[in-house]
Trainee: 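To start, I am sharing the structure in question, which I have written as structure tokens.
All figures in this text were calculated on a predicted structure; none of them were measured in a lab. By convention here, the first residue in the shown sequence is residue 1.
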Amino acid sequence: MKSKRILLYRLAMILVLVVVAAVMLVIGRGHTVYFDNVSLEYEGTTYETPYKVVVYTGGEEVAKLYDGERGMATCIGQNLDLTLEITQEKGGEEELVSVSVPLPYNMDGIIINLSAYLEGLPEEAYLTEFVPAVVPSTEEDEEVVTGDDMMMGDF
């Protein structure tokens, strides 16, 4: 009787830990989000960029982007709430836009093209995965250390 009760407590604890782990996996997922302020051509139409976009998340400025620039922020969770301060042309009036962007769970580095997002294009147009470019090393870049070079000095 006592061993059955201990077994049930242990199974209940394991179940609780699995549930907590699953919840933390979903809500605690961190993302690196890049914001591009670059023009985009989609289905034969070119979407131009605003002159300047200032990106705020959590009330804090994370990027000030002019045409052709990229900014970055980190986000925890599956939704990114942004406030964008958009200036369409130099010396023009600033417009505030609040948006909430759902982030895909399977991506860590996410690029959001702001001009495509603001135009209301579908997700495949404004959202891509960031893949860092691999720079191959050349033999000139690598320094070969031999046994002779490791001496402290001449004796």
Trainee: Looking at every heavy atom in both S115 and Y47, which two are closest together, and how far apart are they?
Mentor: OG-O, 4.2 Å
Trainee: To the nearest 0.5 Å, tell me how far N37 CG sits from E48 CD.
Mentor: 10.5 Å
Trainee: Within the structure provided, determine whether M72 and V62 are in side-chain contact (heavy-atom separation under 4.5 Å).
Mentor: no
Trainee: Measuring from T74:OG1 to L80:CG, what's the distance to the nearest 0.5 Å?
Mentor: 10.0 Å
Trainee: Run E93 and Q88 through side-chain contact (heavy atoms from CB on, under 4.5 Å) and show every step you take.
Mentor: CA-CA 8 Å; E93 212 172 290; Q88 291 295 338; over 6 Å; no
Trainee: For the CG atom of L65 and the CD1 atom of I86, what is their distance to the nearest 0.5 Å?
Mentor: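 So the CG of L65 and the CD1 of I86 are separated by 11.0 Å.
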Trainee: Going from CG on L127 to CG on N113, what distance comes out if it is rounded to the nearest 0.5 angstrom?
Mentor: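 The CG atom of L127 sits 10.0 Å away from the CG atom of N113.
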Trainee: Are L84 and L121 connected, step by step, through hydrophobic side chains (Ile, Leu, Val, Met, Phe, Trp, Tyr) whose heavy atoms are closer than 4.5 Å?
Mentor: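 L84 does not cluster with L121.
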Trainee: Would you kindly confirm whether F130 and I112 end up in one hydrophobic cluster when ILVMFWY residues are joined by side chain heavy atoms under 4.5 Å apart?
Mentor: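 No: no chain of side-chain contacts under 4.5 Å links F130 to I112.
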Trainee: Output every pair passing ring-ring contact (aromatic ring centres under 6.0 Å, His included) with a member in residues 50-93, not counting sequence neighbours, ordered by first then second residue.
Mentor: Y51-Y66
Trainee: Measure the spacing between CG of L82 and OG of S98 and express it to the nearest 0.5 Å.
Mentor: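 OG of S98 is found 9.0 Å from CG of L82.
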Trainee: Is any side-chain heavy atom of I111 closer than 4.5 Å to one of R70?
Mentor: yes
Trainee: Can you measure from CG (L118) to CD (E95) and round to the nearest 0.5 angstrom?
Mentor: 8.5 Å
Trainee: Membership question, hydrophobic clusters at under 4.5 Å side-chain separation (ILVMFWY): are V99 and I110 in the same one?
Mentor: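 Linked within one cluster.
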Trainee: Can you see which heavy atom on K64 is nearest to which on E69, and at what distance?
Mentor: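 Minimum heavy-atom contact is O-OE1, 3.5 Å.
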Trainee: Please report the closest heavy-atom contact between V38 and G68, naming both atoms and the distance.
Mentor: CG1-CA, 3.6 Å
Trainee: Do Y34 and V101 sit in the same hydrophobic cluster, where Ile, Leu, Val, Met, Phe, Trp and Tyr count as joined when their side-chain heavy atoms come under 4.5 Å apart?
Mentor: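 No, it is not one cluster - the side chains of Y34 and V101 are not joined through contacts under 4.5 Å.
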Trainee: Would you check if T57 and C75 make a side-chain contact, meaning some heavy-atom pair closer than 4.5 Å?
Mentor: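 No, every pair of side-chain atoms sits at 4.5 Å or beyond.
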Trainee: Mind jotting down which residue pairs meet the salt bridge (charged side-chain N to carboxylate O under 4.0 Å, His left out) criterion with at least one end in residues 118-129? Sequence neighbours excluded, please.
Mentor: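 Every candidate salt bridge (charged side-chain N to carboxylate O under 4.0 Å, His left out) pair involving residues 118-129 fails, so no pair, neighbours aside, qualifies.
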Trainee: Run the side chain to side chain contact (heavy atoms under 4.5 Å, CB included) test against L17 and tell me which residues pass, sequence neighbours left out.
Mentor: none
Trainee: Considering non-hydrogen atoms only, spot the tightest contact between A125 and L40 and give its length.
Mentor: O-CD2, 3.7 Å
Trainee: Decide whether V33 and Y126 are clustered together by the hydrophobic rule: side chain heavy atoms of Ile, Leu, Val, Met, Phe, Trp, Tyr closer than 4.5 Å, transitively.
Mentor: yes
Trainee: Could you go step by step and tell me if L114 and V55 meet the side-chain contact (heavy atoms from CB on, under 4.5 Å) rule?
Mentor: CA-CA 10 Å; L114 293 176; V55 181; 4.1 Å; yes
